[in-house]
Asks: 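The structure's right below; bear with me while I get my questions together.
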Amino acid sequence: MNWTLEVVIVPVSDLDRAKKFYADQLGFTVDHDTVISDEARIIQLTPPGSGCSIVIGKGLVPDMPPGSLKGLQLVVPDLKQAHAELVGRGVEVSDIQVVGQNPQPVPNPLDNVGFVFFTDPDGNSWGVQQISSRA
């Protein structure tokens, strides 16, 4: 039996601001934006190529302090390109960092150990790691 992680709830304070950040600046696809009532709304967004989505919402999602989710991670085949795209979309992103070292030689020295980091408008933190073998 496969056990797949399909959705992660991301706690935010302003749904429209967060939707704009994730859709417009990060390029996530808006799968749906469902308003159930004045007190309940769910927005599901998916990173390009991902099998896991994020959900932001109110009323029907767990009550967590906005900005309290730390260490979410995306994986890309080309970190330099991803960094350039984030900068081009106005995301405040760290410079490329090498974290650790590969135990054996790899074709690209950033594979597995290259990262950039950013936060959403509420302070939820994200890392982006290069793993080109998944391309």
Side-chain angles (χ1 to χ4, degrees):
M1 171 181 355
N2 290 335
W3 295 51
T4 60
L5 180 63
E6 300 283 336
V7 174
V8 174
I9 307 297
V10 177
V12 300
S13 61
D14 181 320
L15 295 179
D16 291 319
R17 178 182 71 175
K19 178 183 175 185
K20 182 176 171 106
F21 175 79
Y22 285 104
D24 297 347
Q25 289 189 267
L26 295 184
F28 288 20
T29 299
V30 178
D31 301 321
H32 66 85
D33 183 345
T34 305
V35 177
I36 292 110
S37 69
D38 289 341
E39 294 80 34
R41 179 179 175 195
I42 302 251
I43 304 167
Q44 181 171 319
L45 304 107
T46 303
S50 180
C52 185
S53 302
I54 65 166
V55 165
I56 57 176
K58 66 177 183 175
L60 297 172
V61 297
D63 187 21
M64 297 182 285
S68 63
L69 198 55
K70 306 296 180 191
L72 293 164
Q73 188 163 310
L74 299 166
V75 172
V76 296
D78 185 331
L79 192 59
K80 290 177 182 176
Q81 180 182 344
H83 183 267
E85 285 183 23
L86 291 171
V87 168
R89 292 178 175 165
V91 176
E92 290 184 32
V93 61
S94 74
D95 291 334
I96 293 174
Q97 301 174 29
V98 174
V99 179
Q101 59 186 351
N102 281 300
Q104 56 199 23
V106 293
N108 185 311
L110 289 177
D111 277 347
N112 310 312
V113 297
F115 290 85
V116 295
F117 302 95
F118 65 90
T119 59
D120 73 9
D122 284 291
N124 295 298
S125 67
W126 291 80
V128 182
Q129 178 184 23
Q130 176 171 310
I131 301 179
S132 65
S133 63
R134 294 186 186 165

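Please read these numbers as outputs of a predicted model, since none were measured by experiment. For the single chain, residues carry numbers from 1 onward in sequence order. What's counted below: heavy atoms across the whole structure, side chains too, no hydrogens, waters or symmetry copies.
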Asks: Spell out, as yes or no, whether a donor-acceptor pair under 3.5 Å connects the side chain of His83 to the backbone of Asp78.
Replies: no

Asks: How many angstroms lie between CH2 in Trp126 and CG in Leu26, if you round to the nearest 0.5 Å?
Replies: 7.5 Å

Asks: Quick one, Ile96 and Lys80 - any side-chain contact, counting heavy atoms below 4.5 Å?
Replies: yes

Asks: Would you name the heavy atoms of Cys52 and Pro47 that are closest together and state the gap between them?
Replies: O-CD, 3.4 Å

Asks: Is there a donor-acceptor contact under 3.5 Å from the side chain of Thr29 to the main chain of Asp31?
Replies: no

Asks: Is there side-chain contact between Ile131 and Asn112, with at least one heavy-atom pair below 4.5 Å?
Replies: yes

Asks: Which value, rounded to the nearest 0.5 Å, describes the distance between Leu45 atom CG and Ser50 atom OG?
Replies: 11.5 Å

Asks: Rounded to the nearest 0.5 Å, what's the gap from NE2 on His32 to CD on Gln44? Could you check?
Replies: 4.0 Å

Asks: Same hydrophobic cluster for Val61 and Val8, using side-chain heavy-atom links shorter than 4.5 Å among ILVMFWY?
Replies: no

Asks: Is it true that a side-chain atom of Ser37 and a backbone atom of Glu39 form a donor plus acceptor pair closer than 3.5 Å?
Replies: yes

Asks: Pick out which of Asp33, Asp24, Asp120 makes a salt bridge (charged side-chain N to carboxylate O under 4.0 Å, His left out) with Lys19.
Replies: Asp33

Asks: Is there a donor-acceptor pair closer than 3.5 Å between any side-chain N or O of Asp122 and the backbone N or O of Asn124?
Replies: no

Asks: Nearest 0.5 Å, what's the CD1-CD1 distance between Ile56 and Ile43?
Replies: 4.0 Å

Asks: Please determine whether a side-chain nitrogen of the Lys or Arg among Asp14 and Lys20 lies less than 4.0 Å from a carboxylate oxygen of the Asp or Glu.
Replies: no

Asks: Looking at CG of Leu74 and CG of Leu79, how far apart are the two atoms once the value is rounded to the nearest 0.5 Å?
Replies: 11.0 Å

Asks: For the hydrophobic clusters of this structure (ILVMFWY residues joined by side-chain heavy atoms under 4.5 Å, transitively), does one cluster hold both Val116 and Val98?
Replies: yes

Asks: At their closest point, which heavy atom of Val30 faces which heavy atom of Ala23, and how far apart are they?
Replies: CG2-CB, 3.7 Å

Asks: How far does OH of Tyr22 sit from CZ of Arg17, to the nearest 0.5 angstrom?
Replies: 10.5 Å

Asks: Can you name the nearest heavy-atom pair linking Phe118 to Glu92, along with the distance?
Replies: CB-O, 3.4 Å

Asks: I'd like to know if the side chain of Asn108 and the backbone of Leu110 have a donor-acceptor N/O pair within less than 3.5 Å.
Replies: yes

Asks: Donor-acceptor pair, distance only, cut-off 3.5 Å: does the side chain of Thr119 make one with the backbone of Ser125?
Replies: no

Asks: Identify the two heavy atoms, one from Pro66 and one from Ser13, that lie closest to each other, and give their separation to 0.1 Å.
Replies: CB-N, 3.7 Å

Asks: Heavy-atom distance under 4.5 Å between the side chains of Ile54 and Leu72, does that happen here?
Replies: no

Asks: If Ile, Leu, Val, Met, Phe, Trp and Tyr residues are connected whenever their side-chain heavy atoms lie under 4.5 Å apart, and connections chain through other members, are Val75 and Leu5 in the same group?
Replies: no

Asks: Do Val7 and Ile42 share a hydrophobic cluster, counting only Ile, Leu, Val, Met, Phe, Trp and Tyr and linking them when any side-chain heavy atoms are less than 4.5 Å apart?
Replies: yes

Asks: For Gln129 versus Gln73, what's the shortest heavy-atom pair and its separation?
Replies: OE1-NE2, 2.6 Å

Asks: Could you walk me through whether Gln81 and Val76 pass the side-chain contact (heavy atoms from CB on, under 4.5 Å) test, one step at a time?
Replies: CA-CA 9 Å; Gln81 180 182 344; Val76 296; over 6 Å; no

Asks: Transitively linked via ILVMFWY side-chain contacts under 4.5 Å: Leu69 with Val91?
Replies: yes

